[in-house]
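First comes the structure, then the notes that go with it.
Chain A is the first sequence line, chain B the second, and so forth, proteins listed ahead of strands; every chain is numbered from 1.
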Amino acid sequence: MAGPMLEAKTLKGFRDFLPDSMVPRQAMIRKIEAVFERHGFQPLMTPALEYLETLMGKYGEEGDKLLYRFEDHGGRQVALRYDLTVPLARVVAQHRAELQLPFRRYHIAPVWRADKPQRGRFREFMQCDADIAGANTAIADAEVLMTGLGVLEALGVDGAVLHLNHRDVLFAVVQAAGVVEPQRQIACIRAIDKLDKLPPERIADEMATEAGLAREAALELIDFFVTARGIHAAEGTENESDYLKRIVETRLQGEALERALAAIARTETVRQLVEAQFPGKIHFDVSIARGLDYYTGVIYETRLTDARVAGIGAVMSGGRYDGLIGMFGKEQIPAVGISLGLDRLLAALQELGLVARSHAVPVYVTVFGPQDAAAALEVAQLLRRAGLQVEVDAVGGKLGKQLERASKRGARLAILVGADEQAARQAVIKDLADGQQHRVGLDALAATARQLLDTAD
RNA sequence: GUGGAUGUAGCUCAGCUGGUAGAGCGCGGGAUUGUGGUUCCCGAUGUCGCGGGUUCAAACCCCGUCUUCCACCCCA
């Protein structure tokens, strides 16, 4: 015996994915990859570990606290990546000369956050990102959003709505309420983001303590957002952007007004471009804020509308970050991206019954005895060369046991190759769904097997 | 970081006011040695999360600790 027995365990917030959960997961990843590639994105991989300074200060105070950080054996301060966006920014700056702009890349990989685990929330989880670096146009924004909606469409998700907003609209409105300092503006925007969860009173309190905003001004500000949100619910009235335009025109002037109007116009352009291809899937929602510091332009979140999964939170979000890449180099390169939370979306799909039950190995080849091994393997190879997924019984024993294992593995067909069959260059295919057996020559085996697999069980 | 729960067989759980553990599912074996999944028979499940305390006696009461989960915060 070697040493004391170890307890087999995983770290809090970290998970193993056994085949039963891995199969639908991988199927989902493949669909997402296909959509990304169909939209011109190319794969990128980056290290899990980055220098701490690469990641620090990009996400805001809360984000910095959630960084998984430590010192490596060489005394370097390092951190596990918190998202896939900052590593992309680093890559674009670092490999600027090797990349052709605009650069479209997708990245499906785990990220780590030292968060407190909860339902739908883990310390290691998978993100699926698609970003365009080097283009600051409404078309780039729209392309990224259409990619995201394309993924949802490919996955069969119907009830999802993209909520679109623009950072500058938020800043303009907050500024119009009398908050001038950027830090306090961000604090206000964070407070607005909680509109869904907290009563106005509480939000006003938060604005008072976090941003030093007078209670009256805070309530007025909140009222503005509540009204703005009501707009798209009401029919026959002006739309969100017209309403916003009207409000900012009465409250702002000069450069601030220009900026706000430009943001509203840009958002509306993007919304219309996307709306034309995905009717009803995108709304201008002035109340969404996004917590991360690096966003500079359009921002968005996707929520599932089905009541069964409404509590699951945002499943796909992102925005434009024109200043981030510039933090790593002399050149300012604008970028926009979208990030999809695989774990959450998968959980939602399972909840909605949109995940097909995974079928295991379809064909199971039994082995009568040691002297029949070669014949069994020959048959297995024959079927595999024909493209079928085939498992050969690797344990042996009574035929009954082997068939039992075949059933437990979820196989649809069992192949029997005894002495009689070998002598006649034949094999018996047993359909485990109905128990029927078919004796066929080896030359017809693959075709018959395929035919049986194609029939419903 | 704050608050609330949870932890008993591989899994889902039961175990009344303290008297050294149970069910279902699953698992193993068997019911004419070339036939599974259905049925029948038999069988094993276990430091009752871990450590300490109270008691003649603790799965049950007390303290601590870890785990998982829920809410808040933030987010995917």
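- When heavy atoms are screened at a 4.0 angstrom cut-off, A/Met126 is found touching no nucleic acid atom at all.
- Between B/U12 and B/G19, the two P atoms lie 26 Å apart (nearest whole Å).
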- Item | Where protein sits on nucleotides 31-37 of chain B, one letter per nucleotide: B base, S sugar-phosphate only, - none, heavy atoms under 4.0 Å | ---BBBB
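- Between the P atoms of B/G4 and B/G46, the separation comes to 37 Å (whole Å).
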- Message: Just to be sure I follow the notation: if a pair is Watson-Crick (purine N1 to pyrimidine N3 plus N6-O4 or O6-N4) or a G-U wobble (N1-O2 and O6-N3), each under 3.5 Å, what dot-bracket string does RNA chain B give, with | for pairs to another strand?
- Response: (((((.(..((((........)))).(((((.......))))).....(((((.......)))))).)))))....
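- Applying the salt bridge (Lys or Arg N to Asp or Glu O under 4.0 Å) criterion to A/Asp64, with sequence neighbours excluded, gives no partner residue.
- B/G24 and B/C41 are spaced 12 Å apart, taking the P atom of each and rounding to whole Å.
- Ion pairing between a basic and an acidic side chain is recognised when a charged N comes within 4.0 Å of a carboxylate O; A/Glu124 and A/Arg15 show no such pairing.
- A salt bridge between A/Asp141 and A/Arg266 is present, with a side-chain N of the basic residue lying under 4.0 Å from a carboxylate O of the acidic one.
- What separates CZ of A/Arg123 from P of B/C75 is a distance of 18 Å, to the nearest Å.
- With both ends at atom C1', the span from B/U20 to B/U8 equals 14 Å, rounded to whole Å.
- For A/Lys398, there are no salt bridge (Lys or Arg N to Asp or Glu O under 4.0 Å) partners two or more places apart in sequence or in a different chain.
- Taking CG of A/Leu66 as the start and CG of A/Asp115 as the end, the distance is 5.0 Å to the nearest 0.5 Å.
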Return the polar atom pairs (N/O with N/O) between nucleotides 41-44 of chain B and the protein under 3.5 Å, or none.
none

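- Every residue two or more places apart in sequence or in another chain that forms a side chain to side chain contact (heavy atoms under 4.5 Å, CB included) with A/Ala142 is listed here: A/Leu273, A/Val274.
- Between B/U55 and B/A14, the distance separating the two C1' atoms is 26 Å to the nearest Å.
- Contact annotation for A/Ala406: no contact, since no heavy-atom pair falls under 4.0 Å across all strands.
- How far CZ of A/Arg90 is from CZ of A/Arg81: 10.0 Å, rounded to the nearest 0.5 Å.
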Side-chain donor/acceptor pairs under 3.5 Å, residues 440-449 of chain A, sequence neighbours excluded:
{"unit_1": "A/Thr448", "atom_1": "OG1", "unit_2": "A/Ala444", "atom_2": "O", "d": "2.7"}

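- For A/Phe14 and A/Phe122, the distance between ring centers is not under 6.0 angstrom.
- Across the P atoms, B/U6 and B/G49 are found 13 Å apart, a figure rounded to whole Å.
- For A/Asp158, there are no side chain to side chain contact (heavy atoms under 4.5 Å, CB included) partners two or more places apart in sequence or in a different chain.
- Atom name P, nucleotides B/A21 and B/C13: the rounded distance is 23 Å, in whole Å.
- Using atom P as the reference point in both B/C73 and B/C11, the two lie 34 Å apart (nearest Å).
- Partners of A/Ala411 according to the side chain to side chain contact (heavy atoms under 4.5 Å, CB included) rule, which considers only residues two or more places apart in sequence or in another chain, are A/Tyr364, A/Ala406, A/Leu432.
- One finds a side-chain N or O of A/Ser317 lying less than 4.0 angstrom from the OP1 or OP2 phosphate oxygen of B/A76.
- The distance between atom CG of A/Asp115 and atom C1' of B/U2, rounded to the nearest whole Å, is 14 Å.
- Side-chain N/O atoms of A/Arg405 and A/Gln402 include no donor and acceptor closer than 3.5 Å.
- The side chain to side chain contact (heavy atoms under 4.5 Å, CB included) search around A/Gln26 returns A/Arg30, not counting sequence neighbours.
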List every contact pair, protein side and nucleotides 66-70 of chain B side both N or O, where the distance is under 3.5 Å.
{"unit_1": "B/U68", "atom_1": "OP2", "unit_2": "A/Lys12", "atom_2": "NZ", "d": "3.1"}
{"unit_1": "B/C70", "atom_1": "OP2", "unit_2": "A/Arg119", "atom_2": "N", "d": "2.4"}

Could you list the donor-acceptor pairs under 3.5 angstrom formed by side chains in residues 102-109 of chain A, with sequence neighbours left out?
{"unit_1": "A/Arg104", "atom_1": "NH1", "unit_2": "A/His39", "atom_2": "O", "d": "2.8"}
{"unit_1": "A/Arg104", "atom_1": "NH1", "unit_2": "A/Glu143", "atom_2": "OE2", "d": "2.8"}
{"unit_1": "A/Arg104", "atom_1": "NH2", "unit_2": "A/Glu143", "atom_2": "OE2", "d": "2.8"}
{"unit_1": "A/Arg105", "atom_1": "NH1", "unit_2": "A/Asp131", "atom_2": "OD1", "d": "2.8"}
{"unit_1": "A/Arg105", "atom_1": "NH2", "unit_2": "A/Leu84", "atom_2": "O", "d": "3.0"}
{"unit_1": "A/Tyr106", "atom_1": "OH", "unit_2": "A/Glu37", "atom_2": "OE2", "d": "2.5"}

